[in-house]
S.K.: 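The structure follows.
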Amino acid sequence: MPTIGHLDPAFGALMEGLAARLRTLFGVSNRATLAVSGTGSAGMEAMVANFVWPGERVVVGVCGLFGARMADALSRAGAEVEVVSGEWGRSLDVGRLSSALRPGDAALFVVHGETSTGVVQGLDGLASACDSAGALLMIDCVTSLGGAPLDMSGVDVAFSGSQKCLNCPPGLAPFTASDRAMDRLFARTEPCRSWYLDLRAILSYWRSDGEGVPPRAYHHTAPINMLYALDCAAALVLDEGLHLRWERHSVAHSALRSALAEFGFERLAPEAEALAPLLCVRVPAAIAADEAAVRRALLLDFGIEVSGGLGPLAGQVWRVGVMGEGARIEPQRRLVSALAELLPGGGAARAAALDALEAGWTAWTAWTASASASA
Ligand SMILES: Cc1ncc(COP(=O)(O)O)c(C=O)c1O
C-alpha cells in the first residue's frame, strides 16, 4: 500500500480501525489504546515514563529476564523498586505480591507471559490488592496477547509486541491504559520525562476527530507501513477468533510437548503455570554438553530457530516458540523430523514423537469440527 501522509484522513480512518481492533484484542474499552512506535520495549518505556515518577514505590514481580528488565527500567527512572522474586520456571504467589504492596504505592508490575521461562503469571487477586493500596496494576503481555487467555479486568496498563502471537513484523507495541490510569496521568502537572513516549502528546495524534475532539496533531511521524501491517495482523487474529486462537495455541503447545518428551525433553513449568505460546523444556542429558551445537544445526541445516536458555537457565533449557503461524502442525512436524536426524538416538524416537504430535492435533481437528457443526 502507498505510504500516505500520517495526517491523511484515510490514514486516520485506518488508525481508528486499528485502535478498535486492539481494544478487542486486549478485551478492554479503554480510550487510551494505541500502538506505541517501537518494539515491545518501547511499550515498557512508555509505561514507566508515563505512570511512575521518580521517588515513587513500585512492586515488581521477578522470576525471569523480563521482570528483571522492568525492575532495571524502573530503577533507572528513579523509582523505589520493591522486587518480589521467585524461582525461574515458576509463577509468583499472588499473596506474596499483594502483601508487598503498601498504601500509596504507585504500581504493581508483573510479566503475564514470561518468555525466558515459558511461565504464565496468574493475575487473579492482584487487582483488588492494587485497589486497596491505591496502586495501578501494570502488566507485560508481549508473549501472551493473542496467544493465551488474558483477563484484563482490573489491569490498568498493559503493553505487548507486534511480533509474537500477533504474527506481525517487529516494530510496534500495542498499548492500553485504563481511564483511572489516564486520569492520574492528566492530573500530573510535571511534563513526562520522555519527549518521544509522552502519552498525553501522543494521544493528541491517536484520538479521533470526533465531536468536541480537536483534529489530530502531529507528534512524530507514524510508522505508516508498520501500522498497515499491524492492522492487517489484528484483523487476521480477530477473523480466526480470539478464543479459537487461544485454543489452537494451547493444542499446539500440548502436542509439541508430548512429541518432545519422546526425545527426553521435559517441560520446565508445571501444567497449571505453562505459557502456551512458549514451550520451555529442559535439555536432555545426552546433549547437555553440546545443546548449542544442536540448535545451530537446526538453524543452519533445517532453517528452524530454537532459542537457548537465559540467565540462570543458560545451557539448561530450550525455548521453542509456539506462536502465531508457528502454532501449527506443519512447522512442528519439521522440527520433530529434524530432531530425529540430529539427536543421538533420535531416529528410534522418531515414529513415537510424530505419533504423539499427530495425536495432539487429532483432538484439535475433532474439536474444531464439532465446534463448527454446532455453530
Ligand atoms: C515478555 C517480554 N517482554 C518484553 C520484551 C521486549 O520486547 P522487544 O524485544 O520487542 O523490545 C520481550 C521480547 O521478547 C518479551 O518476550
Side-chain angles (χ1 to χ4, degrees), residues 22 25-26 34-49 51 58 60-74 76-77 83 85-86 88-92 107-123 137-150 152 155 157-176 194 196-197 223 226-227 229-230 233-234 249 253 268-269 273-280 305-311 313-314 317-324 326-327:
L22 292 178
L25 284 180
F26 278 113
L34 67 155
V36 173
S37 306
T39 63
S41 304
M44 177 187 75
E45 296 273 22
M47 181 183 269
V48 173
F51 297 103
V58 183
V60 181
V62 178
C63 53
L65 182 90
F66 293 100
R69 178 181 288 190
M70 183 52 142
D72 182 21
L74 283 163
R76 289 181 194 208
V83 168
S85 57
W88 284 45
R90 297 300 309 268
S91 67
L92 289 159
L108 183 151
F109 171 85
V110 289
V111 180
H112 181 241
E114 185 43 89
T115 324
S116 60
T117 58
V119 166
V120 70
Q121 174 63 51
L123 303 176
L137 176 55
M138 310 200 301
I139 67 162
D140 168 340
C141 55
V142 167
T143 302
S144 52
L145 187 69
L150 170 62
M152 287 282 292
V155 175
V157 193
F159 67 90
S160 188
S162 48
Q163 76 276 23
K164 294 277 197 308
C165 304
L166 303 181
N167 220 118
C168 181
L172 286 173
F175 190 96
T176 190
S194 166
Y196 192 64
L197 298 172
M226 269 307 302
L227 288 161
L230 183 60
H249 280 72
H253 175 104
L268 185 68
E273 297 172 21
L275 173 69
L278 196 291
L279 177 60
C280 182
E305 186 179 5
V306 166
S307 301
L310 296 166
L313 296 174
V317 297
W318 280 8
R319 297 177 305 120
V320 189
V322 184
M323 44 187 97

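When a ligand or atom number is given, it counts from 1 through the structure's own listing order.
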S.K.: What protein heavy atom sits nearest atom 12 (C) of ligand 1, and how far away is it?
M.R.: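 Ranking protein heavy atoms by distance from atom 12 (C) of ligand 1, first comes F66 CE2, 3.2 Å.
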
S.K.: Using a strict 4.0 Å cut-off to heavy atoms of R69, name the atoms of ligand 1 that fall inside it.
M.R.: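 It comes down to these atoms of ligand 1: 6 (C).
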
S.K.: If you round to the nearest 0.5 Å, how far is CE of M44 from CZ of F159?
M.R.: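 That separation rounds to 6.0 Å.
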
S.K.: What distance do D140 atom CG and T115 atom OG1 have between them, rounded to the nearest 0.5 Å?
M.R.: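 These two atoms lie 7.0 Å from each other.
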
S.K.: G113 heavy atoms, cut-off 4.0 Å: which ligand 1 atoms fall inside?
M.R.: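 Taking each heavy atom of G113 in turn, ligand 1 has 1 (C) under 4.0 Å.
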
S.K.: Between CE of M152 and CG of L123, what distance do you get to the nearest 0.5 Å?
M.R.: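 Between M152 CE and L123 CG, I get 9.0 Å after rounding to 0.5 Å.
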
S.K.: What atoms in ligand 1 come closer than 4.0 Å to a heavy atom of T143?
M.R.: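 That gives atoms 16 (O) of ligand 1.
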
S.K.: T115 heavy atoms, cut-off 4.0 Å: which ligand 1 atoms fall inside?
M.R.: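 Selected atoms, number and element: 1 (C), 2 (C), 15 (C), 16 (O).
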
S.K.: Roughly how far, to the nearest 0.5 Å, is the CG atom of L145 from the NZ atom of K164?
M.R.: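 Atom-to-atom, K164:NZ and L145:CG are 12.0 Å apart.
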
S.K.: When you measure from the heavy atoms of E114 to every atom of ligand 1, does any distance fall below 4.0 Å?
M.R.: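 Checking ligand 1 against E114, which is what was asked, there is no heavy-atom contact under 4.0 Å.
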
S.K.: Among all protein heavy atoms, pick out the one at the shortest distance from atom 10 (O) of ligand 1; state its residue, atom name and that distance to 0.1 Å.
M.R.: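 Ranked first by proximity to atom 10 (O) of ligand 1 is Q163 NE2, 2.8 Å.
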
S.K.: Taking only heavy atoms of S41 into account, list the atoms of ligand 1 that are under 4.0 Å away from them.
M.R.: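 Listed by number with element, the hits are 6 (C), 7 (O), 8 (P), 11 (O).
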
S.K.: Assess the side chains of R69 and S41: does a donor N or O sit below 3.5 Å from an acceptor N or O?
M.R.: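 Checked: R69/S41 side chains pair up, N/O donor to acceptor below 3.5 Å.
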
S.K.: Quick test: of every protein heavy atom, which one is nearest to atom 13 (C) of ligand 1, and how far off is it to 0.1 Å?
M.R.: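 The answer is K164 NZ, 3.3 Å.
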
S.K.: Only one of V317, L278, T143, L310 passes side chain to side chain contact (heavy atoms under 4.5 Å, CB included) with S116; say which it is.
M.R.: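 Of the listed options, the one satisfying the test is L310.
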
S.K.: To the closest 0.5 Å, what do you measure between CE (M323) and NE2 (H253)?
M.R.: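 If we round to the nearest 0.5 Å, M323:CE and H253:NE2 are 11.5 Å apart.
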
S.K.: I want to confirm something. Looking only at heavy atoms, which of D140, L275, L278, T39 is nearest to atom 2 (C) of ligand 1?
M.R.: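 Among D140, L275, L278, T39, the closest heavy atom to atom 2 (C) of ligand 1 comes from D140.
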
